[in-house]
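Notes for the one structure printed next.
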Amino acid sequence: MTKLNGTIVVVDDSKFNILSICDLLKKNKYNVMSFLDSKEALNYININHTKIDLILLDVIMPGLDGYELCSILKQNEHVSSIPVMFLTSKNGTKDLIKGFELGAVDYIKKPFNEFELLNRVKAHVTIREVQRQLEEKNNMLKEEIKVRKETEKMLHRLATVDTLTEIHNRRYFMEKANNFFGKSLINNDKLSMMILDIDYFKKVNDTYGHHIGDQVLNEIGRVLKTQNSDNTITGRIGGEEFAIAVYGEDVNKAEKKAQLIRRKIKKISILTSEDEVKVTASIGVVEKNESVNSLKQMLVFADNALYLAKNTGRDKVVTQYIV
Ligand code: GH3
Ligand code: MG
């Protein structure tokens with residue numbers, strides 16, 4: 001089958017005109033759809049807009065005239081990109097201007113010269129094809145950008161979030177906590193730090209299996225996540241060890257937060273087929289003062305407080321004042 005040059009819709013209320021235009025276009029390997037009635041043409045265009053390369057429109061027609069039809073087409077975003085060319089005996093300058101103002105791309109006076117009509121048709125069909133290719137490339141590029149952004153987001157998530165608990169991983173927590181530390185030094189603002197460790201967690205794993213231990217960690221992540229805000233960041237800094245940095249709040253407020261977290265963890269309940277798994281946690285809390293000169297040092301002090309909590313009964317919060 002020979003390849004056709006494009007699909008053209010011809011709208012004219014004169015059978016004679018339709019026959020002569022269609023004959024010429026068909027001879028030149030165009031697929032032609034012709035309409036004597038402009039409303040029928042409108043229906044066809046609305047349904048088949050993706051396949052149409054050019055619309056040739058008569059102006060004076062009963063019902064919807066060519067100008068009205070053109071204006072309707074140009075207001076519909078799905079069909080507005082199809083080029084419209086007027087083919088009419090109305091040949092005053094005002095008519096011509098009106099046609100262009102309504103969005104037509106060309107205007108040929110009747111009776112037309114066949115060579116001129118064919119060449120203009122060819123030009124508009126070619127432009128339409130180039131526009132289609134550009135649009136296609138543009139859509140592909142947009143899709144590529146979308147995929148790239150999603151991949152970047154996913155990679156950022158993988159690099160910053162701990163997959164089991166869905167809170168910050170150690171590396172990202174340290175980065176964020178360091179920012180808090182630097183900012184608190186510059187602004188002379190308060191900064192508190194907590195380290196939390198699950199009590200007798202090894203026993204949970206040994207008794208119920210690693211997968212139940214993982215569920216416990218996930219539930220603790222859920223509790224800590226609710227604490228995240230502009231001034232509070234939480235992170236999993238070790239296997240069963242978590243840290244919480246609270247910017248702009250003194251140790252008393254941080255201690256209250258720690259007690260709340262401890263109570264919430266105590267309420268966690270995981271049901272196995274035979275048992276209800278419950279856990280507790282110990283938390284060490286400290287506040288930065290002028291003798292602390294690094295985040296690392298602050299974490300060591302918080303760790304000491306945690307050690308004290310472990311050694312004095314567990315399931316408790318111990319606050320230490322750095323001297
Ligand atoms: P303590 O009260 O003194 O903290 O006792 P503990 O048993 O919690 O402490 P220990 O350091 O002896 O054990 C920590 C356990 O945490 C051992 C390790 O298997 C477990 N653990 C670390 N990371 C994970 C993890 O990702 N998943 C699970 N299920 N367990 C983990
Ligand atoms: Mg532990």
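We're numbering straight along the sequence, starting at 1. Atoms within each ligand, like the ligands themselves, are counted from 1 in listed order.
Here's the thing with Lys203: none of its N/O atoms is less than 3.5 angstrom from an N/O atom of ligand 1. Between Ile198 and ligand 1, at least one pair of N/O atoms sits closer than 3.5 Å.
Contacts between Ile212 and ligand 1, counted as non-hydrogen atom pairs separated by less than 4.0 Å, are absent for every part of the residue. Counting heavy atoms closer than 4.0 Å to ligand 1, residue Arg314 contributes side-chain atoms (C-beta onward) but none from N, CA, C or O.
Salt-bridge annotation for Asp106 and Arg120: present, with a side-chain N of the basic residue lying under 4.0 Å from a carboxylate O of the acidic one. Of the charged side-chain nitrogens involved, at least one lies within less than 4.0 Å of a carboxylate oxygen, so that Glu175 and Arg171 count as a salt-bridged pair. Under the 4.0 Å criterion applied to side-chain N and carboxylate O atoms, Glu101 and Lys98 are not assigned as salt-bridge partners. No salt bridge links Glu240 with Lys202; every basic N to acidic carboxylate O contact stays at or beyond 4.0 Å.
Closest of all the heavy-atom pairs between Glu276 and Ser269 is OE2-OG, 2.7 Å. Leu73 approaches Val79 most closely through the heavy-atom pair O-CG2, 3.2 Å.
Closest to atom 8 (O) of ligand 1, if we only count protein heavy atoms, is Phe201 N, 2.7 Å. Of all protein heavy atoms, the one closest to atom 7 (O) of ligand 1 is Lys202 N, 2.9 Å. Counting protein heavy atoms only, atom 1 (P) of ligand 1 is closest to Lys310 NZ, 3.4 Å. What sits closest to atom 25 (C) of ligand 1 on the protein, heavy atoms only, is Leu217 CD1, 3.4 Å. What sits closest to atom 9 (O) of ligand 1 on the protein, heavy atoms only, is Glu240 OE1, 4.2 Å. Of the protein's non-hydrogen atoms, the one nearest atom 22 (C) of ligand 1 is Gly239 CA, 3.7 Å. At the shortest separation from atom 27 (N) of ligand 1 among protein heavy atoms lies Asp214 OD1, 2.7 Å.
Among the backbone and side-chain atoms of Asp199, no N/O/S atom is found under 2.8 Å from the Mg ion (ligand 2).
The aromatic rings of Tyr107 and Phe100 sit tilted, their planes meeting at an angle between 30° and 60°. A tilted orientation is assigned to the rings of Phe180 and Tyr247, their planes being inclined by 30° to 60°.
Partner of Phe242 under the side chain to side chain contact (heavy atoms under 4.5 Å, CB included) criterion, out of Ile195, Leu217, Asp197: Leu217 alone.
At least one heavy atom of Arg236 sits closer than 4.0 Å to an atom of ligand 1.
Vertex the Mg ion (ligand 2); arms to Glu240 atom OE1 and Ile198 atom O; angle 90° (nearest 10°).
Taking the Mg ion (ligand 2) as reference, Asp197 places its N/O/S atom OD1 nearest.
With rounding to the nearest 0.5 Å, the separation of CD in Gln227 from CD1 in Ile261 is 4.5 Å.
Considering only non-hydrogen atoms, atom 19 (O) of ligand 1 lies nearest to Asn205 out of Thr165, Asn205, Val279, Asp315.
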